[in-house]
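Contents: one structure, followed by commentary.
The chain is numbered in sequence order, starting from 1.
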Amino acid sequence: MAYESERWRCDPGARDLMCNHCKHYHLFAKCDAFPERIPNELLKRREHDTPYPGDNGIRFEPKE
């Protein structure tokens, strides 16, 4: 079985993350706020509606 962090990279739909519904999300645990990789700690929270270190002010916004 893949490590938890590998599951996010390989299968972003493994859980119903808030990220999947955000207009800033680009799949494979990457988004406008975190173009290299969304931190595991933030993925585990399953929300990004408050400031998080390094997010450059970009937070969850629903897809239209």
Side-chain angles (χ1 to χ4, degrees):
M1 178 175 203
Y3 292 104
E4 188 68 18
S5 61
E6 287 296 309
R7 283 186 57 210
W8 293 114
R9 188 174 62 81
C10 296
D11 184 6
R15 295 184 185 169
D16 188 23
L17 297 176
M18 179 182 268
C19 299
N20 289 329
H21 306 283
C22 182
K23 73 178 191 176
H24 301 290
Y25 190 55
H26 300 295
L27 299 177
F28 304 106
K30 296 179 181 183
C31 68
D32 294 335
F34 300 99
E36 296 297 317
R37 184 164 192 332
I38 300 169
N40 283 338
E41 189 175 304
L42 186 56
L43 288 171
K44 289 177 186 177
R45 276 189 9 195
R46 297 183 61 177
E47 60 187 37
H48 186 203
D49 54 0
T50 57
Y52 190 86
D55 68 12
N56 299 306
I58 300 170
R59 293 184 196 85
F60 175 82
E61 291 184 59
K63 290 180 183 176
E64 294 181 12

Check your understanding: What is the distance from atom NZ of K30 to atom CD of E36, rounded to the nearest 0.5 Å?
Key -> 6.5 Å
Check your understanding: Which of these passes side-chain contact (heavy atoms from CB on, under 4.5 Å) with D32: K23, E61, H24?
Key -> H24
Exercise for review: Supply the atom-to-atom distance H21 NE2 to F60 CZ, rounded to the nearest 0.5 angstrom.
Suggested key: 7.5 Å
**Study point:** Matching residue for C31 among D55, L42, I38, I58 - test: side-chain contact (heavy atoms from CB on, under 4.5 Å)
**Key:** I38
Revision key, fill the gap. Closest non-hydrogen atoms of H48 and R59, given as atom of the first, atom of the second and distance, are O-CB, 3.4 Å
Study note, to complete from the structure: side chain to side chain donor-acceptor pair (under 3.5 Å) filter on E47, not counting sequence neighbours, yields none
Exercise for review: Return the orientation label for the F34 and Y52 ring planes: parallel under 30°, perpendicular over 60°, tilted otherwise.
Suggested key: perpendicular
Point to revise | Value rounded to 0.5 Å, distance of NZ in K63 from SG in C22 | key: 8.5 Å
